[in-house]
Amino acid sequence: PPRHLDEVNEEAFQQQRKRRFLADVRKAAVRPEESLATESQQQWALRAATQQAEVEALRLQLEEVAREKLRLQQDLATVTQERDEWKGTALKMQLNREFKATVENLDAAESRFLQNATTGVAADFE
C-alpha cells in the first residue's frame with residue numbers, strides 16, 4: 001500500500017528525534033561536566049525568565065495601584081471640599097439662627113441691640 005506524505009514526514013521526524021536523543025546521551029556520557037553545565041544554565045535561564053515574568057506582573061500591579069491611589073486622592077479632595085462647603089453653610093445657618101433669636105429676645109424685652117452713646121459728646125455729623 002502507498003504511504004501518505006504525512007506519514008513519511010512523521011516517520012522521518014521521529015527517526016531524527018531518536019538520533020538527536022542518542023547523540024545527546026553519548027555526549028553526556030563522554031563529557032558529563034558539559035551536560036551538568038548545560039543543565040545548570042538551562043535552569044538558570046528558566047529561573048531568570050520566571051522572575052522576569054513575575055517582575056512584569058508586579059510592575060503592572062504597581063501601575064494599577066498607582067492609578068487607584070490617584071483616583072482615591074481625587075475622591076478625597078472632592079469629599080473634603082464638599083465637607084468644607086457643608087460646614088460653612090451649617091455655621092452660617094447657625095449664626096443666622098442665633099442672631100434671629102437675639103433680635104427676637106430684644107424685641108420681646110423691648111430693648112435695643114446697639115445702645116446709644118450717653119457720654120454727652122455730640123455726634124460728628126451734627
Side-chain angles (χ1 to χ4, degrees):
R3 289 183 159 173
H4 291 332
L5 186 58
D6 290 339
E7 292 175 358
V8 172
N9 286 340
E10 180 65 27
E11 189 175 308
F13 175 74
Q14 292 299 332
Q15 287 177 354
Q16 181 66 21
R17 217 169 129 196
K18 286 177 188 176
R19 275 190 232 116
R20 272 185 294 183
F21 175 74
L22 292 174
D24 288 345
V25 168
R26 272 187 247 122
K27 184 178 177 183
V30 173
R31 298 185 208 130
E33 64 281 351
E34 277 186 25
S35 177
L36 281 173
T38 302
E39 188 175 319
S40 294
Q41 186 179 13
Q42 288 173 348
Q43 287 176 351
W44 180 262
L46 180 62
R47 187 176 301 140
T50 302
Q51 287 177 345
Q52 186 62 35
E54 289 176 8
V55 165
E56 183 63 22
L58 290 172
R59 186 186 63 75
L60 292 174
Q61 186 179 7
L62 181 63
E63 288 176 1
E64 179 63 30
V65 167
R67 282 192 297 272
E68 181 68 14
K69 178 185 175 189
L70 180 61
R71 187 187 65 74
L72 289 173
Q73 286 174 334
Q74 291 169 343
D75 289 350
L76 179 63
T78 301
V79 168
T80 301
Q81 181 181 358
E82 289 175 0
R83 180 206 60 201
D84 292 344
E85 290 171 358
W86 178 86
K87 188 176 181 181
T89 302
L91 289 173
K92 184 178 178 181
M93 289 174 54
Q94 181 182 358
L95 184 63
N96 285 342
R97 279 194 305 270
E98 289 174 2
F99 181 74
K100 183 179 178 184
T102 301
V103 169
E104 287 174 356
N105 288 339
L106 290 174
D107 282 346
E110 297 182 5
S111 61
R112 294 183 52 135
F113 183 70
L114 299 174
Q115 301 297 322
N116 285 334
T118 57
T119 59
V121 176
D124 289 341
F125 57 87
E126 289 183 38

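Hydrogens, waters and symmetry mates play no part in the numbers below; they use all other heavy atoms, side chains included. Given the structure is predicted, the values throughout are model-derived calculations rather than measurements.
- The number of heavy-atom neighbours closer than 6.0 Å to CD of Gln14, taken from other residues, nucleotides and ligands shown, is above 12.
- Atom CZ of Arg20 is surrounded by more than 12 heavy atoms from other residues, nucleotides or ligands within 6.0 Å.
- Between the CG atom in Leu72 and the CG atom in Leu76 there is a gap of 8.5 Å [rounded to 0.5 Å].
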- Criterion side-chain hydrogen bond (donor to acceptor under 3.5 Å, both in side chains) on Arg71 and Gln74, from CA distance to verdict: CA-CA 5 Å; Arg71 187 187 65 74; Gln74 291 169 343; over 6 Å; no
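- Applying the salt bridge (Lys or Arg N to Asp or Glu O under 4.0 Å) test to pairs two or more places apart or on separate chains, none has a residue in residues 89-107.
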Donor-acceptor contacts, no H, no angles, side chain residues 52-60, under 3.5 Å, sequence neighbours left out:
| residue | atom | partner | partner atom | Å |
| --- | --- | --- | --- | --- |
| Glu56 | OE1 | Arg59 | NE | 3.3 |
| Glu56 | OE2 | Arg59 | NH2 | 2.4 |
| Arg59 | NH1 | Glu63 | OE2 | 2.4 |

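- In this structure, Leu95 and Phe99 have side chains that are not in contact, with every pair of non-hydrogen atoms separated by 4.5 Å or more.
- The distance from atom OG1 of Thr50 to atom CD of Gln43, rounded to the nearest 0.5 Å, is 11.5 Å.
- More than 12 heavy atoms of other shown residues, nucleotides or ligands fall within 6.0 angstrom of atom CZ in Arg67.
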Pair up each side-chain donor or acceptor in residues 81-91 with any protein partner under 3.5 Å, not counting sequence neighbours, and list the distances.
| residue | atom | partner | partner atom | Å |
| --- | --- | --- | --- | --- |
| Gln81 | NE2 | Glu85 | OE2 | 3.3 |
| Thr89 | OG1 | Glu85 | O | 2.9 |

